[in-house]
Every structure is written in C-alpha cells, then in structure tokens.
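Keep in mind it's a predicted model, so treat the numbers as computed, not measured.
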Amino acid sequence: MPSGSDGPERYLAADLTEAEAADEVVQRACPDAIFHLAARAAVAPSHQHPWETLNTNLAMQTRVLEAVRHHRPDCAVLVVGSGEEYGLAPAEAMPLRESSPLRPLSPYAVSKVGQDFLGLQYHLAYGLHIVRVRPFNHIGPGQGLGFVAADFARQLAAAELGLAPAVISVGNLDAERDFTDVRDVVRAYVLLLQAAPWGEVFNVASGRALSVGRLLDMLLAQCRVPVRVVPDPARMRPSDIPVFVGAYDRLQTATGWRPEIPLEQTVSDLMEYWRRKLADGETN
C-alpha cells in the first residue's frame, strides 16, 4: 500500500529474484504495509524441484526485507508462511497451535519454515514491524491450478462446457484438511497488520476438518452434468497426513477474527469462477 495513497491505484511490476528490482519498487511505492505472498506456492512440484523452491522463496523474501530495512524501516510487513510447516503431526495433536512442533514434509514446507523464521530474525535483529502467519488450506474464486479445489473445479467446469470428457482424475480422497475461504483469509491478513503484536506468529484456519472426498462431493453437487471419478496415482503425494487442522484462537484473541463465509458459498463461487474463465477461453 503506497504511503498516503488516496488517489487511483498504482501497480508496479518487479522481479523479486533481482535485488535491484526489490529496492526500486520499495523506494518508488514508499509503502506503509507489505503483504508478501510472492513464492513458489505448490507442494507437489516442490518434490520435483526442491532447490528452485527453496532458493526462490527465501531469496525473494530476503530481498524484500532488505529493501524495507534500508529504505522503508517503518513499513509493516506480513510474512506468509504455511500450515504445511507443522508437517508430520499425529491426529491426537489436532488442532495444531502456534506452539506445535514444526516437522515439514516437503521442500515447500521447509521453504516456508525458512520464510517464517527469516521474518522473526528481521524483527529481532533490526526491529522491523513483522507479523508472521501460517495459513492452512484456503480456497475460493481466483485460485489457480495446482491446488485440490481449483483443480477439481476446473475439471468439472470443462466437462460442463464440453471442453473435456466427463471424467475427473483424483488423488487421495481420504485426507482431511482445514479449508477457509480466501476472502476470510485476506480479511485476517489485514486485521493482523493493523492490530497484531510485532514478531508474533498466527495460524489462519477454520478449526474444522473436511475430507477431500467430501469437498469433491460438494463440487460434484454443483456440477450440471454427471461426471465419473477416476483415481490417478500421479496425483498422490510422496507423503501425506491423514488429518490436518489448525486452531485460530490466537488470531481471534488478537483481532476478533473468525471465519464468516460458509463453505457452500465458497464452492459455488469457485465453480462460477471456472465456468466464466473457461467460457472466456482462458485455460489456466
């Protein structure tokens, strides 16, 4: 957010893999707040490209924080980690809290642990206004491919429009996950930068478990044509956790936040998003 910005929105493009670009955009924008979400964000590809995931995610954040430290030290920065940082946790440990052990199961999760603690280091070492978050699965309109709900919704919308066979390929449907509407997640991010203590870490989660199979059933119920479900071994992860749920009580105490958008609305909006996108000729 540009400092004192009351006029039209401005968009400044920058390649954050280049230190000079991060410096330039921070100096030009003179932001009061930064929501740092730039990253390689998918778990499965990180197993095929571990070094690229680690290098990209840590390098980009380092460049942003260095630019803030040198040019805009009063700027508030939200560092976005992931619920994946908790990794291999037993069912009896659910819901996971910010004090739970970090046992990452993928290169992506390791990169998020690094980003998380890099944010803490810049707060402790340089006094920067850093707030750290560990969001669990979030879904909704606008989400790109590479995530389970978006992948399902796109396949179903393509079948409806006759762009693909009425078949959906799936991985593990038994896994239970914590899904929050992305619009609720964004609201949590804004509230945290406004009210949270500097340096602290907060889960952003719904606090409830939903199986991937149940999520698929909700999407199938929205679909306008019958679709056959086919298991696809290629969609199985090298490591998976049966149940994964986060607690959001620390976030609620700090900001008053709680999830507000029903999952049924999220699923409906997600299907509509992919119907419009495919109808307009966009494929990704």
- request: Keeping the roles fixed (side chain from Thr56, backbone from Thr53), state whether a donor-acceptor pair exists under 3.5 Å.
  value: no
- prompt: Just wondering, do Arg228 and Val230 contact through their side chains at under 4.5 Å, heavy atoms?
  reply: yes
field: salt bridge (Lys or Arg N to Asp or Glu O under 4.0 Å): pairs with one or both residues in residues 197-220, sequence neighbours excluded
entry: Glu200-Arg250
- prompt: Is Leu216 reachable from Val212 through a run of hydrophobic residues whose side-chain heavy atoms are each under 4.5 Å from the next?
  reply: yes
query: What pairs meet the salt bridge (Lys or Arg N to Asp or Glu O under 4.0 Å) rule with one or both residues in residues 125-145, with sequence neighbours excluded?
result: Glu85-Arg134, Asp116-Arg132, Asp116-Arg134
query: For His36, which residues count as a side chain to side chain donor-acceptor pair (under 3.5 Å) partner, sequence neighbours excluded?
result: none
- request: Measure the spacing between CD of Gln155 and CG of Leu219 and express it to the nearest 0.5 Å.
  value: 10.5 Å
- prompt: Side chain of His123, backbone of Leu128: donor and acceptor closer than 3.5 Å?
  reply: yes
- prompt: Salt bridge between Arg63 and Asp23, side-chain N to carboxylate O under 4.0 Å?
  reply: no
Sidechain-backbone polar pair: Asp232 side chain, Val170 backbone, donor-acceptor under 3.5 Å: no
query: With hydrophobic residues grouped by side-chain heavy-atom distances under 4.5 Å, do Val267 and Val225 end up in a single group?
result: yes
task: Could you tell me whether the side chain of Asp151 and the main chain of Gly146 form a donor-acceptor pair under 3.5 Å?
output: yes
Set of residues satisfying side chain to side chain donor-acceptor pair (under 3.5 Å) with respect to His70, sequence neighbours excluded: Glu66
task: I would like to know whether Leu78 and Val133 meet side-chain contact (heavy atoms from CB on, under 4.5 Å); could you show each step before the answer?
output: CA-CA 7 Å; Leu78 188 84; Val133 293; 3.8 Å; yes
- request: Find out whether Glu84 and Leu105 are in side-chain contact, i.e. whether some heavy atom of one side chain is under 4.5 Å from a heavy atom of the other.
  value: no
- prompt: Shortest non-hydrogen contact from Pro165 to Ala159?
  reply: O-CB, 3.9 Å
query: Do you know the tightest heavy-atom contact between Leu58 and Gly114?
result: CD2-C, 3.5 Å
- request: Indicate whether any N or O donor in one side chain lies under 3.5 Å from an N or O acceptor in the other, for Asn203 and Tyr86.
  value: yes
field: His129 versus Trp198, side-chain donor and acceptor atoms under 3.5 Å
entry: yes
- prompt: Do Val182 and Leu263 belong to the same hydrophobic cluster, where Ile, Leu, Val, Met, Phe, Trp and Tyr are linked whenever their side-chain heavy atoms lie under 4.5 Å apart, directly or via other members?
  reply: no
query: Considering only heavy atoms from C-beta outward, does the side chain of Leu16 approach that of Val64 to under 4.5 Å?
result: yes
query: Nearest 0.5 Å, what's the CG-CD1 distance between Leu220 and Ile168?
result: 6.0 Å
query: Which value, rounded to the nearest 0.5 Å, describes the distance between Tyr273 atom OH and Gln143 atom CD?
result: 9.5 Å
Sidechain-backbone polar pair: Ser100 side chain, Leu96 backbone, donor-acceptor under 3.5 Å: no
- request: Could you give me the CA-CA distance, side-chain angles and deciding distance for Val79 and Leu118, then say whether side-chain contact (heavy atoms from CB on, under 4.5 Å) is met?
  value: CA-CA 9 Å; Val79 168; Leu118 191 64; over 6 Å; no
- prompt: Looking only at heavy atoms, which two atoms of Ala39 and Gln115 are closest? And how far apart?
  reply: CB-OE1, 4.3 Å
query: Taking His71 for the side chain and Arg69 for the main chain, is one N or O donor matched with an acceptor at less than 3.5 Å?
result: no
Hydrophobic cluster of Val110, others only, ordered by chain and residue number, side-chain cut-off 4.5 Å: Leu54
field: Under the side chain to side chain donor-acceptor pair (under 3.5 Å) test, residues paired with Thr180 that sit two or more places apart
entry: none
- request: Would you please test Leu102 and Phe117 for side-chain contact (heavy atoms from CB on, under 4.5 Å) and show each step?
  value: CA-CA 11 Å; Leu102 304 182; Phe117 280 84; 3.5 Å; yes
message: So does Leu88 get a backbone contact from the side chain of Arg103, meaning a donor-acceptor N/O pair under 3.5 Å?
response: yes
- request: Answer yes or no: is there a side-chain heavy-atom contact under 4.5 Å between Ile130 and Leu120?
  value: no
query: Does the side chain of Val245 reach to within under 4.5 Å of the side chain of Val243, using non-hydrogen atoms?
result: yes
- request: Please report the closest heavy-atom contact between Leu161 and Ala279, naming both atoms and the distance.
  value: CD1-N, 3.9 Å
- request: State plainly whether one hydrophobic cluster holds both Val229 and Val167, where clusters connect Ile, Leu, Val, Met, Phe, Trp and Tyr through side-chain heavy atoms under 4.5 angstrom apart.
  value: no
task: Indicate, with yes or no, if Val131 and Trp257 share a hydrophobic cluster defined by side-chain heavy-atom contacts under 4.5 Å among Ile, Leu, Val, Met, Phe, Trp and Tyr.
output: yes
query: Going from OG on Ser268 to CE on Met218, what distance comes out if it is rounded to the nearest 0.5 angstrom?
result: 10.0 Å
- prompt: Is there a side-chain contact between Asn137 and Phe147 (heavy atoms, below 4.5 Å)?
  reply: no
statement: Closest heavy-atom pair, Gly144 versus Ala150, reported as atoms and distance to 0.1 Å, is O-CB, 3.2 Å
- prompt: So, the side chain of Lys112 versus the backbone of Val80: is there a donor-acceptor pair under 3.5 Å, distance only?
  reply: yes
task: Specify the closest pair of heavy atoms between Arg72 and Cys30, including all atoms of both residues, with the distance to one decimal.
output: NH1-SG, 3.3 Å
task: With sequence neighbours left out, write down each residue that passes salt bridge (Lys or Arg N to Asp or Glu O under 4.0 Å) with Glu52, or none if nothing qualifies.
output: none
query: Can you name the side chain to side chain donor-acceptor pair (under 3.5 Å) partners of Thr266, sequence neighbours left out?
result: Asp181
query: Taking side chain as C-beta onward, heavy atoms only, is Leu251 less than 4.5 Å from Val204?
result: yes
message: What verdict does the side-chain contact (heavy atoms from CB on, under 4.5 Å) test give for Ser46 and Arg40, after you've listed the backbone C-alpha separation in whole Å, the side-chain angles of each residue and the deciding distance to 0.1 Å?
response: CA-CA 8 Å; Ser46 78; Arg40 284 179 174 255; over 6 Å; no
message: What I want to find out is whether Asp249 reaches Arg97 closely enough, with some N-O distance under 4.0 Å, to be called a salt bridge.
response: yes
task: Any chance you could pull the hydrophobic cluster mates of Ile261, using side-chain heavy atoms under 4.5 angstrom and chaining through other members?
output: none
query: What is the distance from atom CZ of Phe152 to atom OG of Ser169, rounded to the nearest 0.5 Å?
result: 9.5 Å
message: Is the shortest side-chain heavy-atom distance between Leu145 and Trp274 below 4.5 Å?
response: yes
Spacing of Phe244 atom CZ and Phe136 atom CZ [to the nearest 0.5 Å]: 5.0 Å
- request: Taking salt bridge (Lys or Arg N to Asp or Glu O under 4.0 Å) as the test, write out the residues that go with Asp15, two or more places apart.
  value: none
message: Show me the pairs that pass salt bridge (Lys or Arg N to Asp or Glu O under 4.0 Å) and involve residues 259-275, at least two apart or across chains.
response: Glu160-Arg275, Arg183-Asp269, Arg187-Glu260, Arg224-Glu272, Glu272-Arg275
What pairs of donor and acceptor atoms, side-chain ones from residues 190-197 against any protein atom, are under 3.5 angstrom apart with sequence neighbours left out?
none

message: Using modelled atom types and a 3.5 Å cut-off, is there a donor and acceptor pairing between side-chain atoms of Ser111 and backbone atoms of Tyr108?
response: yes
